[in-house]
Amino acid sequence: QLQLVASGGGLVQPGGSLSLSCAASGFTLDYYAIGWFRQVPGKEREGVSCSSSSGDSTNLADSVEDRFTISRDKGRNTVILQMKNLKPEDTAIYYCQAYSRSDCRGLSLGSWGQGTPVTVSS
């Protein structure tokens with residue numbers, strides 16, 4: 001399996017900003033679509049944002065429109081999720097995942113790992 005590690009989570013106040021990083025081990029992320037997902041413990045995992053291998057990006061959830069931005073730092077072999085105007089309902093464990101499909105759907109190619117927790121609270 002491809003190994004991906006999500007990091008950068010933490011505690012942030014409502015309305016604040018936070019950036020998460022997805023790092024690859026042993027392969028280049030340029031060849032894959034990379035998606036960010038989030039999950040509240042006990043709830044179903046939700047797609048957040050997707051970056052295709054061709055460089056196109058799209059939000060997977062209406063709730064993050066105009067607030068979350070996905071981008072690639074090719075020099076560091078990472079994919080970044082920039083989150084702004086965070087809301088308490090954004091609180092979740094965030095994961096990144098690799099896909100062969102450009103829409104970040106279908107068969108996941110890597111392990112989900114432990115993710116990185118984001119808590120939005122005052």
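- Proximity of L4 to L29: side-chain heavy atoms (C-beta onward) are separated by under 4.5 Å at one or more points.
- In this structure, the separation between CG on L81 and OG on S21 is 9.5 Å, given to the nearest 0.5 Å.
- The side-chain heavy atoms of E46 and F37, taken from C-beta on, include no pair separated by under 4.5 Å.
- Few gaps surround CD on E89; more than 12 heavy atoms of other groups in view lie less than 6.0 Å from it.
- Under a hydrophobic clustering in which Ile, Leu, Val, Met, Phe, Trp and Tyr are joined whenever their side-chain heavy atoms come within less than 4.5 Å, directly or via other members, V48 and W112 fall into different clusters.
- Nearest heavy-atom pair, G110 versus Q97, reported as atom, atom and distance to 0.1 Å: N-OE1, 2.8 Å.
- Looking only at side-chain heavy atoms (C-beta outward), C22 and V5 stay at 4.5 Å or farther from each other.
- L20 CG to I80 CD1: the interatomic distance, rounded to the nearest 0.5 Å, is 8.5 Å.
- Using modelled atom types and a 3.5 Å distance limit, the side chains of T119 and S121 yield no donor-acceptor pair.
- Distance check, rounded to the nearest 0.5 Å: OG of S57 to CD1 of I70 gives 7.0 Å.
- By the 4.5 Å heavy-atom criterion applied to side chains, M83 and V118 are counted as neighbours.
- Taking CZ of R38 as the start and CZ of R45 as the end, the distance is 13.5 Å to the nearest 0.5 Å.
- The minimum heavy-atom distance linking Y32 with A98 is given by the pair CB-CB, 4.2 Å.
- For the residue pair S51 / R72, a side-chain donor-acceptor distance below 3.5 Å is found, with atom types taken as modelled.
- Of all heavy-atom pairs spanning C50 and S102, the tightest one is SG-O, 3.4 Å.
- To the nearest 0.5 angstrom, I34 atom CD1 is 8.5 Å from L109 atom CG.
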Evaluate the salt bridge (Lys or Arg N to Asp or Glu O under 4.0 Å) criterion for residues D90 and R67: first the C-alpha distance (whole Å), next the side-chain angles of each, then the deciding distance (0.1 Å), finally the verdict. CA-CA 11 Å; D90 295 319; R67 298 192 300 118; 2.8 Å; yes

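- By the 4.5 Å heavy-atom criterion applied to side chains, W36 and C96 are counted as neighbours.
- At a threshold of 4.5 Å between non-hydrogen side-chain atoms, the residues Y99 and L107 do not count as touching.
- In this structure the side chain of L86 reaches within 4.5 angstrom of the side chain of F68, judged on heavy atoms.
- G8 and T116 make their closest contact through N-OG1, 3.8 Å (heavy atoms, listed as atom of the first residue, atom of the second, distance).
- Between the side chain of S122 and the main chain of Q13, no donor-acceptor pair closer than 3.5 Å is present.
- In this structure, D103 and R101 approach most closely via the heavy-atom pair OD2-NH2, 2.6 Å.
- Put simply, CG on L2 and OG on S108 are 9.5 Å apart, with the number rounded to the nearest 0.5 Å.
- Taking the side chain as every heavy atom from C-beta outward, N77 and T28 approach each other to under 4.5 Å.
- Contact between K84 and D66 at its shortest, heavy atoms only, is CE-O, 3.3 Å.
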